[in-house]
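Notes follow once the structure below has been shown.
By convention here, the first residue in the shown sequence is residue 1.
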Amino acid sequence: MTSRRVLIIGFGEMGHAMNHLLSPRHEVQVWHRAHAGEVAIDLARSAEKQDVVLFCVPTAPVFELASRIRDRLSSDTLCLSIAKGLDDQARPALLALRAGLGKDTNSGVLYGPMIAEELMVDRPGFAQAGVEDREHYMRVRDLFASSNLVLEYHDDPPGLSWCAVLKNVYAIAFGMANGLGLGDNVRGLLAVLALRELSALVGKLGGKTDTPYGLAGLGDLITTATSAGSHHHELGLRLARGEREGITGEGVHSLRTIRAHELIDIKPYPMFSLIERLVREPEDLPGQWHDFLFSALPA
């Protein structure tokens, strides 16, 4: 295994997890925005001569941060994002990253069931590396060799990106169903319906329709929809309890952004439409869920 120079941008939970996985084997540098009283680190200078740059930040600042380092990167530097939302231009992280870096920079995404808290205590995680070709994938695989993150190659980075965005939306529904006490049978139905809609939506948005059946789609959806520590599952529980304050997160922002930018016509997608409507106007949840469940399957 070759030791690499790695820059981690962002030092939240996932930034800490990536540092935990990589620092025993690689030369890792971490950049984050300076807090009050801290000396700011020069981001552009930090990006020089790096083999890999990991964007461990939300999607919103990805374009700006990528723009700041684009002229300092080596021609073979590989930039990867793990962000799972949309920015204010309605771009998933991959598109924001590519727009900021320019056409000639190597870029991709890393998505799948890899909860940061579990990675930090050396439990296994699983992800698909969405990169342009297998040569780039081999670099990513080598990067995480001997760590607890198990990787799989995928040739549909745009599809993986939309899976990562949309699975947070669908996870809210599982939380609502649990909060309403609808039972385990409903959870099984929701998994099927969500996957059907994910396949169609990812195809509409420029990805491959079979991409949601992998780790970044189904795998991460089940993880986010059922994990006790999942923020988006908790949002659903809170909506079921009638709470309206503090209903925020990547999935909620994605819903609002999709609606504001009219990215897709959501009417053909009943489950997505239900989630969007109840997040926006959480009225009569039991009644709306009853109507949805008893009309969800074709006659």
Side-chain angles (χ1 to χ4, degrees), residues 13-14 17 82-85 92-93 109-130 148-154 156-157 159-203 205 207-240 249-252 254-255 269-272 274-276 278-279 289 292-293 296-297:
E13 290 183 349
M14 191 56 76
I82 60 168
K84 297 179 179 180
V109 291
L110 201 62
Y111 294 134
M114 48 177 186
I115 296 173
E117 294 89 342
E118 296 197 358
L119 295 176
M120 287 294 294
V121 295
D122 297 320
R123 290 179 175 174
F126 307 89
Q128 290 175 306
N148 282 337
L149 185 61
V150 182
L151 298 180
E152 179 181 63
Y153 171 64
H154 206 288
D156 182 23
L160 296 182
S161 296
W162 284 112
C163 284
V165 170
L166 296 171
K167 65 90 185 177
N168 281 331
V169 173
Y170 284 100
I172 298 172
F174 288 77
M176 283 192 278
N178 284 351
L180 292 171
L182 296 177
D184 293 340
N185 293 333
V186 166
R187 188 182 303 119
L189 173 70
L190 296 184
V192 171
L193 297 178
L195 193 56
R196 287 178 183 174
E197 290 192 7
L198 270 171
S199 177
L201 284 166
V202 167
L205 291 164
K208 298 179 181 180
T209 57
D210 61 347
T211 297
Y213 292 83
L215 291 169
L218 177 61
D220 208 2
L221 171 64
I222 296 302
T223 302
T224 306
T226 62
S227 170
S230 165
H231 175 68
H232 289 88
H233 184 271
E234 177 64 23
L235 289 180
L237 289 174
R238 292 174 59 190
L239 286 167
E250 288 181 326
V252 175
S254 294
L255 282 169
Y269 311 101
M271 188 172 171
F272 191 97
L274 176 75
I275 301 164
E276 192 277 333
L278 291 178
V279 168
W289 268 93
F292 166 73
L293 292 174
L297 298 176

Side chain to side chain, K84 and K167, heavy atoms closer than 4.5 Å:
yes
Counterpart residues, side-chain contact (heavy atoms from CB on, under 4.5 Å), relative to A171 (two or more places apart)
T224, A225, H232
Sorted by first residue and then second, give each side chain to side chain donor-acceptor pair (under 3.5 Å) pair with at least one member in residues 183-193; sequence neighbours left out.
N178-R187, D184-R187
Which residues pass the side-chain contact (heavy atoms from CB on, under 4.5 Å) test with A129, not counting sequence neighbours?
L110, Y137, V140
Qualifying side chain to side chain donor-acceptor pair (under 3.5 Å) pairs with a residue from residues 117-126, counting only residues at least two apart or across chains:
H20-D122
Do L166 and L205 have side chains that get closer than 4.5 Å, going by heavy atoms?
yes
Is any side-chain heavy atom of C163 closer than 4.5 Å to a side-chain heavy atom of D220?
no
With A173 via side-chain contact (heavy atoms from CB on, under 4.5 Å) - residues at least two apart
M271, I275, W289
For residues S227 and I115, determine if any side-chain heavy atom of one lies less than 4.5 Å from a side-chain heavy atom of the other.
yes
Hey, does L180 have a side-chain heavy atom less than 4.5 Å from the side chain of V186?
no
Checking the side chain of S199 only, and the main-chain atoms of L195 only, is there a donor and an acceptor separated by less than 3.5 Å?
no
With a 3.5 Å cut-off and sequence neighbours excluded, list the donor-acceptor pairs that the side chains of residues 209-219 form with protein atoms.
from: T211; atom 1: OG1; to: D156; atom 2: OD2; distance (Å): 2.6
from: T211; atom 1: OG1; to: K208; atom 2: O; distance (Å): 3.3

Heavy-atom side-chain contact between V169 and F272 under 4.5 Å:
yes
Heavy-atom side-chain contact between L235 and V279 under 4.5 Å
no
